[in-house]
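See below for the structure under consideration.
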Amino acid sequence: MPELPEVETVRRGLERWVVGREIVAVQVLHPRAIRRHEAGADDFAALLIGQQVEAAMRRGKFLWLPLASGDALVAHLGMSGQLLVENADLPDEKHLRVRLRFADGDPELRFVDQRTFGGLAVSAGGAALPGSLAHIGRDPLDPEFDDDAFVEGLRRRRTGVKRALLDQTLTSGIGNIYADEALWIARVHWARATENLPRPVCRTLLAAVREVLTAAIEAGGTSFDALYVNVNGQSGYFDRSLHVYGREGEPCDRCGTPLRRSKFMGRSSYWCPKDQPQPRHPHY
DNA sequence: CCTCATTCCTGCGGGC
DNA sequence: TGCCCGCAGGAATGAG
């Protein structure tokens, strides 16, 4: 599942293989993949053709490619999206949704997405943050991230701490896997109330988020292939470093207590019942 | 404004 | 063996 570290790995691939090149052809093979571009496929293509890609940017789980026109090509990988840099003679993937070709020939850029939760769109306001991403908060690895504002924002929420981490407006880039990992590192139960959460706990949690995101980016970097912009949907290289996610019943790496799994927000939360004690007044 | 449930989608694997 | 159903889950949407 692409969260911030996986998306950052893709961004680095785009920076290397796509920035500086001019788009000359756009093929939309599935309309749902550009559903967030409300003007449709023809408009989407017209805004891209002839444009040079000037940079590869990221905020949270969103990517964007600023264009010479001042617009930006915005991408979100959703659950199963991949941006692949491949030579045109390679056979189309089963779930190929959008293809971009460039003035200098190979390689082309392909958006492949089995479940079509992700998608592409052209948004105005490319050089800075595209307008369509105005509601996405800075992620914890952004140099301009404001730690104090995060702590106070968290303490103003009337919800559970994991729900707050998954909300992309307070901060961004954290998904179900890294939320559970960070909460385990910080020894905080996922249903602990955010309201007036002690500031030291907030800071410990923020540090844990940074720790796990940074470590995962390093792991993601090791799997980067020279030819592909690698979105490894299986993320096999992360599995070995996960402490709680997907490990129900296995012993906690710190204390040996069997890990638990709870249903929450329609998905699973994994946690250690000893290190992350259930709060007296949980907020689900 | 704030919080939260619902909905979108497809492949896989467990159970019978 | 084959079918059904649950599960994986990010973020837009609308209800309250």
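Reckoned from all heavy atoms, side chains included, excluding hydrogens, waters and symmetry mates. Letters A, B, ... are given to chains in the order of the sequence lines, protein chains preceding strands, and every chain is numbered from 1.
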Applying ring pair (Phe, Tyr, Trp, His ring centres under 6.0 Å) to A:Phe145 and A:Phe150, what does each step give before you reach the verdict?
CA-CA 8 Å; A:Phe145 185 85; A:Phe150 170 80; 5.8 Å; yes
Atom-pair distance (CZ on A:Arg157; P on B:dC2), nearest Å:
8 Å
Of the nucleotides B:dC9, C:dA11, B:dT10, which one has an atom closest to the side chain of A:Thr116?
B:dC9
I want to verify a distance call: between C:dA11, C:dA8, B:dA5, whose nearest atom is closest to the A:Arg163 side chain?
B:dA5
Heavy-atom count around A:Arg254 CZ within 6.0 Å, excluding the residue itself: above 12?
yes
Choosing from B:dG11, C:dG10, C:dA12, which nucleotide comes nearest the side chain of A:Leu166?
C:dG10
Just compare B:dG11, C:dA8, C:dG10 and give me whichever is closest to any side-chain atom of A:Lys263.
C:dA8
Closest to the A:Phe117 side chain: B:dC8, B:dT3, C:dA12?
B:dC8
Heavy-atom pair with the smallest gap, counting every atom of A:Arg58 and A:Asp139
NH1-OD2, 3.1 Å
On DNA chain C, nearest-nucleotide positions of A:Gln168 versus A:Arg115: which is more 5'?
A:Arg115
From C:dG10, B:dT3, B:dC9, nucleotide with atom closest to A:Arg267 side chain:
C:dG10
Side-chain atoms of A:His135 come closest, of B:dT10, C:dA12, C:dG10, to C:dA12
Please tell me whether A:Phe102 and A:Trp17 form a close aromatic pair, meaning their ring centres lie under 6.0 Å apart.
no
When you measure from the side chain of A:Lys61, which nucleotide among C:dG10, B:dT10, B:dC4 comes out closest?
C:dG10
